[in-house]
Asker: 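Supplied in structure tokens, the structure appears directly below.
Hydrogens, waters and symmetry mates play no part in the numbers below; they use all other heavy atoms, side chains included.
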Amino acid sequence: MKIAFAGLGVMGGPMAGHLVHAGHSVTGYNRSSDKAKAWAEETGGAFAETVAQSAEGVDLFILCVGNDDDVRQVVTEALSHLARGAVIVDHTTTSAKVACEMAALAEAGGRSFIDAPVSGGQAGAVSGQLSVMAGGDAEALARVEPVLKTYSKAIKHMGPAGSGQLTKMVNQIAIAGVVQGLAEAVHFAKQAGLDTDAVLDAVSKGAAQSWQMDNRWKTAAAGQFDFGFAVDWMRKDLGLVLDEAGSNGARLDMTRLVDSYYAEVQQMGGGRWDTSSLAARLGRSGDR
């Protein structure tokens, strides 16, 4: 299968690298051609200077770019160059609306489009342990699933076009609440004068246990926020969530509040800190 991968950033670069290391023929494209060249030199893959060049005759076109507009641009530029019957897999987190638009566009051009946002962050991309939530044609997904498993631990078909993006929104809603709870728990433990390592040992084996607690408690307690998913990206995702909720009538009081807290973190200069930096916002009132 001839593969192209557009978007070689902190997520896409490692994902595309896994494909090369698994023996697939992969052409990488990035808006910054220097980054594409560096990726090719590091992995042994090929690179292209334009989207059109990367997509020429390709059977599987994967992208992991920035936002709705980026997806529209890349897919539109690639579509006519792809092999007939090709599958487009979009790992970008976008609106469900653009996923449906791109699916209709691809179908009209004799190709298939799968919206396939991922969870697991940069660490999951590097380790090849991402979780994929996919919307679109189930048969098309089944054809490319063995390739996607190169960098994924789980792939779940959620329904028609847009369903993957809606499921990713559910994921981000759940994370927002858990991370805020973790931040407040760390803050309270410090204010109470407790040994935070001892607290973690005591509470992490019961009902309070979570992935965030296991992986972010100690670093958050130490004021270290250089891990994983950035606040800027989370705010983009929560913006998509809140827009969708405005359309479907979902009440997301907690999500809206946590989004405002992340806005405060950005104002503190923490846009590139990881999402556990909600603890830094609370720490401004003073720690013991």
Side-chain angles (χ1 to χ4, degrees), residues 1-94 98-99 102 106 109 111-132 134 140-141 143-153 155 164 229-230 233:
M1 186 174 287
K2 191 176 179 183
I3 303 171
F5 201 113
L8 302 172
V10 296
M11 296 291 292
M15 294 161 74
H18 285 300
L19 294 173
V20 175
H21 296 150
H24 296 290
S25 174
V26 184
T27 300
Y29 165 79
N30 200 76
R31 208 158 29 187
S32 165
S33 59
D34 287 345
K35 183 175 287 187
K37 291 177 183 177
W39 172 86
E41 289 174 1
E42 180 182 345
T43 64
F47 77 95
E49 296 281 356
T50 68
V51 172
Q53 289 172 356
S54 73
E56 196 63 49
V58 160
D59 304 300
L60 173 58
F61 187 86
I62 305 172
L63 62 155
C64 188
V65 291
N67 54 38
D68 283 25
D69 290 340
D70 295 330
V71 170
R72 286 189 180 99
Q73 180 180 349
V74 170
V75 172
T76 300
E77 291 180 12
L79 190 58
S80 64
H81 298 274
L82 299 173
R84 297 291 293 183
V87 179
I88 303 168
V89 175
D90 180 24
H91 289 309
T92 315
T93 296
T94 69
V98 80
M102 295 301 98
R111 285 89 175 176
S112 299
F113 180 92
I114 304 294
D115 55 292
V118 299
S119 181
Q122 183 178 353
V126 171
S127 65
Q129 295 293 300
L130 293 168
S131 294
V132 180
L141 176 62
R143 292 208 316 269
V144 300
E145 188 168 341
V147 178
L148 304 186
K149 284 182 176 178
T150 304
Y151 48 77
S152 308
K153 66 178 180 180
I155 301 169
F229 199 64
W233 302 340

Asker: Can you find a heavy atom in the side chain of Arg84 that is under 4.5 Å from one in the side chain of Arg111?
Answerer: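 Yes; the side chains approach each other to less than 4.5 Å.
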
Asker: Side-chain contact test, heavy atoms from C-beta onward, threshold under 4.5 Å: evaluate it for Asp34 versus Trp39 and give yes or no.
Answerer: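 No, side chains not in contact.
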
Asker: Is the shortest side-chain heavy-atom distance between Lys37 and Glu42 below 4.5 Å?
Answerer: no

Asker: Counting only heavy atoms not in Gln129, do more than 12 sit closer than 6.0 Å to its CD atom?
Answerer: yes

Asker: Please give me the minimum heavy-atom distance between Gly45 and Ala40, naming the atom from each residue.
Answerer: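 Gly45 and Ala40 have their closest heavy atoms at O-CB, 3.3 Å.
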
Asker: With a 3.5 Å distance limit and no angle check, can you tell me whether Ser152 reaches the backbone of Ile155 through a side-chain donor-acceptor pair?
Answerer: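 Not confirmed, Ser152 side chain does not pair with Ile155 backbone.
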
Asker: State whether the side chain of His81 and the backbone N or O of Val51 hold a donor-acceptor pair below 3.5 Å, judged by distance alone.
Answerer: no

Asker: Which residues pass the side chain to side chain donor-acceptor pair (under 3.5 Å) test with Asn67, sequence neighbours left out?
Answerer: none

Asker: Could you list the donor-acceptor pairs under 3.5 angstrom formed by side chains in residues 85-94, with sequence neighbours left out?
Answerer:
| unit_1 | atom_1 | unit_2 | atom_2 | d |
| --- | --- | --- | --- | --- |
| Asp90 | OD1 | Thr92 | N | 3.0 |
| Asp90 | OD1 | Thr92 | OG1 | 2.7 |
| His91 | ND1 | Ala116 | O | 2.7 |
| His91 | NE2 | Tyr151 | OH | 2.7 |
| Thr92 | OG1 | Val65 | N | 2.9 |
| Thr93 | OG1 | Lys168 | NZ | 2.7 |
| Thr94 | OG1 | Gln165 | NE2 | 3.3 |

Asker: Give a yes or no on whether the backbone of Gln73 and the side-chain of Thr76 come within a donor-acceptor separation of less than 3.5 Å.
Answerer: no

Asker: Using only atom types and a distance under 3.5 Å, with no angle test, would you say the side chain of Lys2 pairs donor to acceptor with the backbone of Glu56?
Answerer: yes

Asker: Would the distance check show the side chain of His21 and the main-chain N or O of Gly17 forming a donor-acceptor pair, the cut-off being under 3.5 Å?
Answerer: yes

Asker: How many angstroms lie between OG1 in Thr150 and CG in Leu19, if you round to the nearest 0.5 Å?
Answerer: 5.0 Å

Asker: Roughly how far apart are Tyr29 OH and Leu63 CG, rounded to 0.5 Å?
Answerer: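 Answer for the OH-CG pair, Tyr29 versus Leu63, is 11.5 Å.
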
Asker: Looking only at heavy atoms, what is the nearest atom pair of Gly164 and Pro117, with distance?
Answerer: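 Here Gly164 and Pro117 meet closest at O-CG, 3.3 Å.
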
Asker: Can you see which heavy atom on Lys153 is nearest to which on Ser131, and at what distance?
Answerer: CE-OG, 3.5 Å

Asker: Can you name the closest pair of heavy atoms from Gly128 and His18 and give their distance?
Answerer: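 Reported closest heavy-atom pair: N-NE2, 3.4 Å.
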
Asker: Got Asn30 and Phe47 here, is their nearest side-chain heavy-atom distance under 4.5 Å?
Answerer: no

Asker: Using 0.5 Å steps for rounding, measure from the CE atom of Met102 to the OG atom of Ser112.
Answerer: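 Those atoms lie 14.5 Å apart.
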
Asker: How many angstroms lie between OG in Ser54 and CZ in Phe5, if you round to the nearest 0.5 Å?
Answerer: 11.5 Å

Asker: Do Leu130 and Met11 have side chains that get closer than 4.5 Å, going by heavy atoms?
Answerer: yes

Asker: For residues Ala125 and Met15, report the shortest heavy-atom separation together with the two atoms involved.
Answerer: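 Smallest heavy-atom distance, with atoms named: CB-CG, 4.1 Å.
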
Asker: Could you note down all residue pairs passing salt bridge (charged side-chain N to carboxylate O under 4.0 Å, His left out) where residues 58-72 supplies at least one of them, sequence neighbours left out?
Answerer: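 Applying salt bridge (charged side-chain N to carboxylate O under 4.0 Å, His left out) to every pair that reaches into residues 58-72, excluding sequence neighbours, yields Arg31-Asp70, Asp69-Arg72, Arg72-Glu101.
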
Asker: Starting from the C-alpha separation in whole Å, work towards a yes-or-no answer on side chain to side chain contact (heavy atoms under 4.5 Å, CB included) for Ile3 and Val147.
Answerer: CA-CA 10 Å; Ile3 303 171; Val147 178; 3.7 Å; yes

Asker: Can you name the nearest heavy-atom pair linking Leu141 to Ala134, along with the distance?
Answerer: CD2-CB, 3.8 Å

Asker: Between atom CG of Leu8 and atom OG1 of Thr43, what is the distance when rounded to the nearest 0.5 Å?
Answerer: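 Atom-to-atom, Leu8:CG and Thr43:OG1 are 8.5 Å apart.
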
